[in-house]
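The next block holds one structure in the form of structure tokens; read it before the comments.
All chains are named by letter (A, B, ...) in the order of the sequence lines, taking the proteins before the strands, and each is independently numbered beginning at 1.
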Number of protein chains: 2
Amino acid sequence: MKQNAVELLRSSNLRQTGPRIAILMAMMKANAPVTQEQIAEQLGPLAPNKTTIYRTLMNLVKKNLVHKAYIEGRTWHFELAHHCGQHQCHPHFTCSQCLQTRCIPGVSAPLIKLPEGFTMHRQQIRIEGLCSVCRNKNRR
Amino acid sequence: MKQNAVELLRSSNLRQTGPRIAILMAMMKANAPVTQEQIAEQLGPLAPNKTTIYRTLMNLVKKNLVHKAYIEGRTWHFELAHHCGQHQCHPHFTCSQCLQTRCIPGVSAPLIKLPEGFTMHRQQIRIEGLCSVCRNKNRR
DNA sequence: TTCTCTTTGCAACTTAGTTGCGATTTTGGG
DNA sequence: CCCAAAATCGCAACTAAGTTGCAAAGAGAA
Ligand SMILES: [Mn+2]
Ligand SMILES: [Mn+2]
Ligand SMILES: [Zn+2]
Ligand SMILES: [Zn+2]
């Protein structure tokens, strides 16, 4: 898995540093978008500084290895780009009661037709609703 | 137009106060989602306090008269709900160069099929790309 | 190894949005 | 119209995610 991270960095002409490899590995382990804080938590006492994590994430976003998946509250959640199509990410579902968010993989929507002269880089879909756990709770 | 605002409040069982009517009217005049600051600006020296604007917006969101349309940077942009479908808002396009956002009215995508047991309240589409102005600038 | 350019850590900062609370306003009933 | 209860408002202080400046450490090319 470390090899995998190293390869990603090399393919994007980014220097191979401890923080970058650790952050990429943390994101590979995750099965949902993660915040700066979750990355730091996962890496424990050896985690890079908060500033470094943010700067690294922004570099990875610029190279299109990572996407800003969504904001919840005031915090960004990032995920590896390797499960997203060229012009479209998979949708994300947020339960408006428990506020948990999960990926909805394997589906996509047709790309919206933009006005004349506009270019699409990426289309993202966000769904708000009630997850099954919360729905059952409300039943009573 | 004031009548219109009053009617919205009455239909949602909200007390008719100066700040609420003013904020609704400001949003009716706008032709794109607005921030707290833009509302205050538009209302000039008579604008309600920042806290009141935020609290009002949240009340209106709770009553589904207003939607949180999108976040840009760290700031929420709100818009009246009356141009949105039951389960879907119109898409919003953000130019990744000039950072301007605009509504893409009149189009919609099929609703994503959720996992068993999940309920959809609202589906939102966000598009990132290059607007025509920025595209032409880059041509040179 | 050495030199240069990039990256990192730390501490201080920024700022959109929130909170607590006392003062004011709305509204419904008498 | 007048009053009291409950909702709303304004203000000042606060919160916390993310940013910035800068000096120290590290990566990679030669
Ligand atoms: Mn995802
Ligand atoms: Mn809109
Ligand atoms: Zn839930
Ligand atoms: Zn543009």
| request: Taking side chain to side chain donor-acceptor pair (under 3.5 Å) as the test, write out the residues that go with B:Glu37, two or more places apart. | output: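 B:Glu37: no side chain to side chain donor-acceptor pair (under 3.5 Å) contacts found.
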| task | Over all heavy atoms of both residues, which pair between A:Thr75 and A:Glu72 is shortest? Give the atoms and the distance, please. | result |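 Of all heavy-atom pairs spanning A:Thr75 and A:Glu72, the closest is OG1-O, 2.8 Å.
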| request: Go through DNA chain C in 5' to 3' direction and return only the first and the last nucleotide with some atom under 4.0 Å of chain B's heavy atoms. | output: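 Footprint of chain B along DNA chain C, 5' to 3': C:dA16 to C:dT27.
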| Is there a donor-acceptor pair closer than 3.5 Å between any side-chain N or O of B:Ser96 and the backbone N or O of B:Gly129? |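 Side chain of B:Ser96 to backbone of B:Gly129, a donor-acceptor pair under 3.5 Å: yes, one is there.
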| task | Ignoring hydrogens and angles, tell me if any N or O in the side chain of A:Ser11 forms a donor-acceptor pair with the backbone of A:Leu8 under 3.5 Å. | result |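 The answer is yes, because a donor-acceptor pair under 3.5 Å joins these two groups.
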Could you tell me which residues satisfy side chain to side chain contact (heavy atoms under 4.5 Å, CB included) with [X], sequence neighbours excluded, listed by chain and number?
X: B:Ala40; value: B:Gln36, B:Ala47, B:Ile53
X: B:Pro115; value: A:Arg102, A:Ile104, B:Phe118
X: A:Asn49; value: A:Thr51, A:Thr52

Within this structure, what is the [atom1]-to-[atom2] distance between [X] and [N], rounded to whole angstrom?
X: B:Tyr54; N: D:dG10; atom1: OH; atom2: P; answer: 15 Å
X: B:Ile53; N: D:dC9; atom1: CD1; atom2: C1'; answer: 12 Å
X: A:Leu57; N: D:dT19; atom1: CG; atom2: C1'; answer: 14 Å
X: B:Asn59; N: D:dA7; atom1: CG; atom2: C1'; answer: 10 Å

| task | Give A:Arg55 one of three labels, base, sugar-phosphate or nothing, depending on what nucleic acid heavy atoms sit under 4.0 Å from its own. | result |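 The residue A:Arg55 makes base contact.
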Following the transitive rule for hydrophobic clusters with a side-chain heavy-atom cut-off under 4.5 Å over Ile, Leu, Val, Met, Phe, Trp and Tyr, establish whether [X] and [Y] coincide in one cluster.
X: B:Leu57; Y: B:Ile71; result: yes
X: A:Leu65; Y: A:Met58; result: no
X: A:Leu46; Y: A:Met1; result: no

With a 3.5 Å cut-off and sequence neighbours excluded, list the donor-acceptor pairs that the side chains of residues 14-32 of chain A form with protein atoms.
from	atom 1	to	atom 2	distance (Å)
A:Thr17	OG1	A:Arg20	N	3.4
A:Arg20	NH1	A:Arg15	O	3.2

| request: Give me the residues of residues 68-79 of chain A where at least one heavy atom lies under 4.0 Å from an atom of DNA chain D, by number, or none. | output: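 Within this stretch, A:Arg74, A:Thr75, A:Trp76 sit under 4.0 Å of the strand.
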| field | Within residues 29-50 of chain B, residues whose heavy atoms come under 4.0 Å of DNA chain D | value |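 Within this stretch, B:Pro48, B:Asn49 sit under 4.0 Å of the strand.
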| query | salt bridge (Lys or Arg N to Asp or Glu O under 4.0 Å): which pairs involve residues 120-133 of chain B, sequence neighbours left out? | reply |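 Qualifying pairs: A:Glu128-B:Arg122, B:Arg126-B:Glu128.
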| said: Treating primed atoms plus P, OP1 and OP2 as sugar-phosphate and everything else as base, which nucleotides of nucleotides 23-30 of chain D get B, S or - for protein heavy atoms under 4.0 Å? | reply: ---BBS--
Mind listing the side-chain donor-acceptor pairs of residues 84-91 of chain B below 3.5 Å, one per line with the distance, residues two or more places apart or on another chain?
from	atom 1	to	atom 2	distance (Å)
B:His87	ND1	B:His121	O	3.1
B:Gln88	OE1	B:Ala109	N	3.2
B:Gln88	OE1	B:Gln123	NE2	3.4
B:Gln88	NE2	B:Ala109	O	2.8
B:His90	NE2	B:Glu79	OE1	3.3
B:His90	NE2	B:His92	NE2	3.3

| request: Just do the side chain to side chain contact (heavy atoms under 4.5 Å, CB included) check on B:Leu114 and A:Phe93 with the steps written out, would you? | output: CA-CA 9 Å; B:Leu114 296 179; A:Phe93 174 94; 3.8 Å; yes
| request: Take the C1' atoms of the five end pairs on each side of the helix from C:dT1-D:dA30 to C:dG30-D:dC1, get both axes, and report the angle to 10 degrees. | output: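 The end axes of the helix from C:dT1-D:dA30 to C:dG30-D:dC1 are about 40° apart, to the nearest 10°.
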